[in-house]
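Every heavy atom of this structure was used, including side-chain atoms; hydrogens, water molecules and symmetry mates were not.
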Amino acid sequence: MSRRWLSTSSSLGGFVARRRFKLSMAEAEEISSSSTTKVNIESVAIPSKDSSSSSSRSLWPSVFRWIPTSTDHIIAAEKRLLSLVKTAYVQEQVNIGSGPPGSNVRWFRSTSDQPRFINTVTFDGKEGSPTLVMVHGYGASQGFFFRNFDALASRFKVIAMDQLGWGGSSRPDFTCKSTEETEAWFIDSFEEWRKAKNLSNFILLGHSFGGYVAAKYALKHPEHVQHLILVGPAGFSSESDGKSEWLTKFRATWKGAILNHLWESNFTPQKLIRGVGPWGPGLVQKYTTARFSMHTTDGLTEEESQLLTDYVYHTLAAKASGELCLKYIFSFGAFARLPLLHSASEWKVPTTFIYGYQDWMNYMGAQEARKHMKVPCEIIRVPQAGHFVFIDNPLAFHSAIFYACRKYLFQDEAQSLPEGLTAA
């Protein structure tokens with residue numbers, strides 16, 4: 001998620017192992033451009049029975065719908081975007097049941113007791129490779145990592161998932177009424193997904209709001225997480241941290257009052273996309289074209305831009321579900337209601353923070369948290385990159401990931417920080 005919501009949009013997130021290694025950008029590029037033959041394999045799965053399914057089977061062709069999308073459109077757009085990836089992958093809908101175990105509620109007060117599904121893609125790495133689980137941010141989905149899968153799959157078994165209520169996953173009615181319930185929605189559904197996938201001892205990467213979820217999950221279930229990588233994570237600061245003078249002043253203006261009211265009314269950027277109906281794709285195209293030409297080092301190709309725009313539109317315009325978490329997790333201005341900073345002393349998992357130089361998420365929140373952590377913690381900054389560092393500068397991002405995971409990739413932590421990256 002992004003402070004750009006305030007202006008009607010949001011952040012819609014081979015080298016040789018040796019005793020002393022230094023990953024250069026050229027070496028990272030060699031990995032990224034690997035000519036691995038791609039074979040896309042789809043696993044058979046029972047489709048979700050939530051209320052979004054019926055709309056996805058509409059008899060009306062999408063051209064005649066006010067909102068020209070459906071669940072089928074999302075999966076089809078995902079396949080087209082991932083056709084750019086050379087590495088073979090498996091796509092599946094992982095059954096996580098109908099609600100938290102031992103609970104009398106379905107996925108939080110949903111009237112349906114049908115099972116829910118988490119859309120998942122898996123890139124099998126070499127035998128014995130560490131497992132890297134990737135969690136997207138607010139207003140995004142796993143396909144946003146399309147520029148990273150080839151390089152990362154050269155060193156890891158990569159598993160990326162759409163959080164419950166987003167992307168191609170089930171979209172149950174979202175009726176949480178508190179911050180605690182909302183956090184449980186994401187943490188518990190992730191844990192059920194982990195059990196269904198029989199995962200343990202994995203590296204967990206989360207971007208933006210996905211970083212918030214990953215950190216909260218690691219606080220509750222540290223026994224399953226080897227290492228935590230938080231990329232431009234949201235949720236470290238609160239209004240009470242004494243850094244929100246600008247917000248107080250802005251709220252006093254008529255514009256601030258209106259936007260604050262919209263926030264507290266849970267008016268999301270996605271509602272705007274749905275509201276303009278058939279003009280939604282054009283609006284999304286303007287956003288993606290402007291955003292991903294801002295910091296990107298090697299620019300999106302025309303094909304990448306078109307496929308990403310199509311994918312983003314369908315994931316945003318589909319039934320509202322997980323997106324409605326916004327007001328419960330953050331107050332107006334993207335300040336966390338239950339900040340991660342306040343839990344820093346309870347951290348049990350070694351952590352690496354990664355930020356783009358132009359990331360609107362301030363890395364100083366991580367610096368403050370590190371003072372209270374009792375586990376190893378590194379902060380890496382990536383040049384020529386904003387909040388979507390993995391799209392803006394993928395080669396440097398991959399270098400940062402390999403460096404962060406050097407202990408698991410090379411069994412040797414005595415490595416130099418790759419050229420071009422900065423420690424904070």
Side-chain angles (χ1 to χ4, degrees), residues 14-36 85-89 122-135 145 147-160 199-207 211 214-215 218 222-233 347-356 366 370 373-383 385 389-390 393-424:
F15 53 83
V16 179
R18 52 187 181 272
R19 181 168 179 78
R20 300 286 299 180
F21 107 100
K22 195 171 186 179
L23 179 67
S24 68
M25 297 303 172
E27 289 169 320
E29 184 171 13
E30 183 179 345
I31 292 175
S32 298
S33 59
S34 169
S35 57
T36 306
V85 181
K86 298 182 179 69
T87 308
Y89 70 91
T122 301
F123 299 81
D124 281 325
K126 297 176 182 177
E127 187 175 353
S129 298
T131 297
L132 176 66
V133 174
M134 306 181 75
V135 183
F145 297 115
R147 295 188 110 189
N148 315 117
F149 288 139
D150 280 329
L152 297 180
S154 71
R155 297 296 172 190
F156 303 94
K157 175 180 181 178
V158 178
I159 306 176
L199 294 173
S200 192
N201 204 36
F202 54 88
I203 299 164
L204 179 58
L205 180 152
H207 171 244
E223 68 276 11
H224 301 304
V225 183
Q226 244 183 337
H227 195 93
L228 189 61
I229 301 177
L230 304 180
V231 183
W347 230 262
K348 296 180 177 65
V349 177
T351 303
T352 301
F353 294 88
I354 299 175
Y355 293 87
R370 182 170 57 187
M373 289 184 182
K374 299 179 178 67
V375 294
C377 174
E378 295 179 319
I379 303 170
I380 301 173
R381 299 184 69 202
V382 176
V389 55
F390 44 89
N393 193 346
L395 298 181
F397 174 72
H398 302 152
S399 293
I401 295 295
F402 297 143
Y403 177 76
C405 299
R406 59 197 182 278
K407 175 181 178 180
Y408 315 105
L409 295 173
F410 310 107
Q411 290 78 49
D412 182 5
E413 294 190 74
Q415 314 294 346
S416 300
L417 187 68
E419 183 179 356
L421 302 179
T422 303

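Pro130 and Ile203 get closest at one heavy-atom pair: CB-CD1, 4.1 Å. Across Tyr355 and Ala366, no two heavy atoms sit closer than the pair OH-CB, 3.5 Å. Nearest heavy-atom pair across Val382 and Ala396 is CG1-CB, 3.5 Å. Heavy-atom minimum distance, Leu417 versus Ala423: CD2-N, 3.5 Å. Considering every non-hydrogen atom in both Val231 and Phe397, the closest pair reads CG2-CE1, 4.0 Å. Heavy-atom minimum distance, Lys126 versus Ser129: O-OG, 2.6 Å.
Under the rule for a side chain to side chain contact (heavy atoms under 4.5 Å, CB included), the partners of Ala215 that lie at least two apart in sequence or sit in another chain are Leu228, Leu230, Leu340, Trp347. Considering only residues two or more places apart in sequence or on other chains, Gln226 meets the side chain to side chain donor-acceptor pair (under 3.5 Å) condition with none of them. For Arg381, the side chain to side chain contact (heavy atoms under 4.5 Å, CB included) criterion is met by Tyr357, Tyr363, Thr422, Ala424, not counting sequence neighbours. Residues satisfying the ring pair (Phe, Tyr, Trp, His ring centres under 6.0 Å) criterion with Phe123, sequence neighbours excluded, are Tyr89, Phe149. Qualifying ring pair (Phe, Tyr, Trp, His ring centres under 6.0 Å) partners for Phe353, counting only residues two or more places apart in sequence or in other chains: Phe236. In this structure, the side chain to side chain contact (heavy atoms under 4.5 Å, CB included) partners of Pro376, at least two apart in sequence or on a different chain, are Pro350. By the ring pair (Phe, Tyr, Trp, His ring centres under 6.0 Å) test, His227 is found to be paired with Tyr408, residues two or more places apart in sequence or in another chain being considered.
In this structure, the separation between CG on Leu205 and CG on Leu152 is 8.0 Å, given to the nearest 0.5 Å. Rounding to the nearest 0.5 Å gives a distance of 8.5 Å between CG of Leu395 and CZ of Arg147. The distance from atom OG of Ser399 to atom CD of Glu419, rounded to the nearest 0.5 Å, is 10.0 Å. Note: His398 NE2 to Arg155 CZ = 13.0 Å, rounded to the nearest 0.5 Å. In this structure, CG on Leu132 lies 8.5 Å from CG on Leu204, to the nearest 0.5 angstrom.
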>> Evaluate Val349 against Val375 for side-chain contact (heavy atoms from CB on, under 4.5 Å), listing each step before the verdict.
In response: CA-CA 6 Å; Val349 177; Val375 294; 6.0 Å; no
> Would Ile159 and Thr131 count as a side-chain contact (heavy atoms from CB on, under 4.5 Å) if you check the C-alpha gap in whole Å, the side-chain angles of each, and the deciding distance to 0.1 Å?
Replying inline: CA-CA 7 Å; Ile159 306 176; Thr131 297; 4.0 Å; yes
> Is there a side-chain contact (heavy atoms from CB on, under 4.5 Å) between Thr352 and Ile401 once you walk through the steps?
Replying inline: CA-CA 9 Å; Thr352 301; Ile401 295 295; over 6 Å; no
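Counted by atom type alone, His224 and Asn201 present zero donor-acceptor pairs between their side chains at under 3.5 Å.
Side chain of Thr87 to main chain of Val85: no donor-acceptor pair is present (N/O by atom type, distance under 3.5 Å, no hydrogens or angles). A donor-acceptor pair is defined here as one N or O able to donate and one able to accept, closer than 3.5 Å; no such pair exists between the side chain of Asn393 and the backbone of Ala385.
Annotation: side chain of Cys405 is not in contact with side chain of Phe410 (no heavy-atom distance under 4.5 Å). Contact check for Met134 versus Val158: side-chain heavy atoms found under the 4.5 Å cut-off.
By the 30° and 60° cut-offs, the orientation of the rings of His207 relative to Phe390 is perpendicular.
Remark: Arg406 engages Glu378 in a salt bridge, criterion side-chain N to carboxylate O under 4.0 Å.
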